[in-house]
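For reference, the structure discussed in these notes is given below.
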Amino acid sequence: MEPESPREGEGPPSALGQALSQIVHRLTSQESRRAKARSAALEDLSALMEATECDQLVEGGGTWRRGMPEVLGQVAKALEKYAAPPREQEGRRRADCDVAEKAAAVGLLFLKLLGRMEAAQSSLVGPAWKAGLRHLAAPIYVFALTHSLEHPWTSPRSREVAGEVLSELLRVTPCASVAGFLHGEHEDEKGRFTVVMELLKRDLNKESWKNNPATKHVFSWSLQQVTRPWLSQHLEMVLPPSLLISDDYQTENKILGVRCLHHIVLNVPAADLLQYNRAQVVYHALFNHLYTPEYNLIQAVLLCLLDLFPILEKALQWKGGAGRPTTHCDEVLQLILTHMEPEHRLLLRRTYARNLPAFVKRLGILTVRHLKRLERIIIGYLEVYDGPEEEARLKILETLKLLMQYAWPRVPCRLVVLLKALLKLICDVARDPNLTPEPVKSALLEEATECLILLDHCSQGQVKDLLVKILQSCEDSKVVNCIRKVQQVSEGTSYNGT
């Protein structure tokens, strides 16, 4: 990182400017790779700041006033790069310790530099102070975010110092929050997100984004702070890195990228996402992840897709007459059901079951397209114990209730099959000695009873008649209570219309 030469009419650099430029060279040049040389450069920089008046540090002195803010920016960038963690690799515990020590030392320098800027704020005219802070803000922010969150390359001390740097930066800026720092405190105020992204851009391309393991976290965390209405103007800058991170082979990076895409979907207007087929690109990137057996990735993808469907469907137009075209939601549900039916891993079963009610709600009456497979899956999942919390079976019962509400004309022909499955579930839960906690048992019995009530309503009271014989022969009090609830509700219901 060579210092810029003075522009025409500026005159030569001041002695202070030359000294700072020399320190930048010592921190960044290939010849100064040794730790001792760089540590000496940090000590010299600290001594230089101590010996320099705050107004001189910002203005520079002489005829070279306009070049001083740029040199300060180069110093900040060099310090941020010096403290950055190395590329991810095996056996890096020692390297992580070194990074934490460097970060603590650099953080103290940044605190000193920000203190000088704050002192200059009261003694200088606005433009000089603002110009200096404008060049310092982005690299100091990236440094603070890199080291203030818990990561392998941080230590309690480095996190503490980095947190102080971030707080001081917000105070000097001045901004009430990180979000305000990035997008501006007011809607008409220009924030610093563009400058931060320009700084991160060198490490956010296909070849280099893994060189610095902190870059993806700084990008992701910063992106989450920028919401409507500010994010749309940065769409071209944030969408490609999000897609790039989500396309990695590591599950951790895939999830991080998907969460970035989800934030974009939630905070960018539909019209901007539909332009240039961006929404379709995001959809295909997400859809491909559904073939992986990672339950936490599947969860993140399904949540994002459910928020993306309304945007994609804005582009679909149903003109009536012919049948409605299949949607992206149909396509995803079809794939989910294909995976659900043979799935035996409990975590994946729970993940699929957890999201199934949302898909039924989304499709509504159009769920009848998938009724046969849903019936098989509902019956199969109700038969399998799912652990103490019984999340999968509870969500399947919720799905069944929604299904009967939306597709009630198709329910009577499935009466016997569904009734057997529900009664078997009630008996299994009632006779379960100790595997399931009592609150969970109660929730299961209540949900199953509500399903029986709905089934009775859809079948014009046939369930009530079929349950009479069971009531006469059953001795289990919990099963009897469930059947009586169904009968009581059924007796007060008129079946003249559904």
Side-chain angles (χ1 to χ4, degrees), residues 1-8 10-33 37-84 102-103 105-117 120 124 127-147 165 168-169 172-173 192 194-203 208 211-212 214-215 218:
M1 185 188 297
E2 293 293 332
E4 294 178 2
S5 57
R7 290 188 287 267
E8 186 178 352
E10 284 188 354
S14 63
L16 176 62
Q18 289 177 336
L20 289 173
S21 298
Q22 187 61 36
I23 288 172
V24 170
H25 179 73
R26 289 164 63 189
L27 284 171
T28 58
S29 67
Q30 296 292 331
E31 294 82 14
S32 305
R33 287 292 181 187
R38 293 188 171 186
S39 297
L42 292 185
E43 292 173 6
D44 291 347
L45 178 58
S46 179
L48 186 62
M49 283 194 287
E50 287 285 352
T52 306
E53 295 293 331
C54 57
D55 54 348
Q56 187 183 3
L57 184 65
V58 175
E59 287 196 318
T63 58
W64 199 57
R65 292 176 182 269
R66 285 199 305 165
M68 197 62 196
E70 283 87 341
V71 172
L72 286 175
Q74 289 180 4
V75 169
K77 288 176 183 177
L79 289 173
E80 183 271 323
K81 192 172 182 181
Y82 168 74
K102 289 179 184 178
V106 169
L108 293 175
L109 281 173
F110 277 142
L111 285 172
K112 194 175 292 185
L113 186 54
L114 287 170
R116 290 291 187 182
M117 296 301 297
L124 287 174
W129 170 76
K130 288 182 179 178
L133 191 58
R134 186 171 62 249
H135 286 84
L136 288 172
I140 292 179
Y141 168 81
V142 171
F143 163 83
L145 220 58
T146 297
H147 299 282
V165 170
E168 184 69 10
L169 177 63
V172 173
T173 327
R192 298 166 182 84
T194 301
V195 184
V196 170
M197 284 301 301
E198 287 293 335
L199 188 59
L200 293 175
K201 190 166 68 174
R202 68 170 188 259
D203 289 327
S208 65
N211 289 344
N212 182 346
T215 302
V218 175

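Just so we're clear, the structure is a prediction, and the values are computed from it rather than from any experiment. Numbering of residues begins at 1 and proceeds along the displayed sequence.
At least one side-chain heavy atom of Ser208 sits under 4.5 Å from a side-chain heavy atom of Asn211. Two residues are said to be in side-chain contact when any heavy atoms from C-beta on lie closer than 4.5 Å; Lys112 and Ser46 meet this criterion. Leu199 has its side chain out of reach of Val195: every pair of non-hydrogen atoms, C-beta onward, lies at least 4.5 Å apart. Leu79 places none of its side-chain heavy atoms less than 4.5 Å from the side chain of Pro139.
A distance-only check finds no donor-acceptor pair linking the side chain of Thr146 to the backbone of Thr215 [under 3.5 Å]. Using a distance-only test at 3.5 Å, with no hydrogens or angles considered, no donor-acceptor pair links the side chain of His147 to the main chain of Ala84. Checked by atom type and distance alone, the side chain of Arg116 pairs as donor or acceptor with a backbone atom of Met49 at under 3.5 Å.
A distance of 11.5 Å separates CD in Gln74 from CG in Leu136, rounded to the nearest 0.5 Å. If you take CZ on Phe110 and CE on Met117, they are separated by 12.5 Å, rounding to the nearest 0.5 Å. A distance of 10.0 Å separates CZ of Arg134 from CZ of Arg192, quoted to the nearest 0.5 Å. Once rounded to the nearest 0.5 Å, the distance linking CD of Gln22 with CG of Leu48 reads 12.0 Å. Separating the CD1 atom in Ile23 from the CG atom in Leu42 is a distance of 9.0 Å, to the nearest 0.5 Å. Here the CZ-CG distance, from Arg26 to Leu45, works out to 9.5 Å after rounding to the nearest 0.5 Å.
The minimum heavy-atom distance between Phe143 and Ala83, with the atom names listed, is CE1-CB, 3.9 Å. Contact record, Ala41 with Leu27: CB-CD2, 4.0 Å, taken as the closest heavy-atom pair.
By the ring pair (Phe, Tyr, Trp, His ring centres under 6.0 Å) test, Tyr141 pairs with Phe181, sequence neighbours left out.
Here the rule is side chain to side chain contact (heavy atoms under 4.5 Å, CB included) with Ile140, and of Val172, Leu133, Leu111, Leu169 only Leu169 fits it.
Ion pairing between Glu80 and Arg202 holds under the 4.0 Å rule for side-chain N and carboxylate O.
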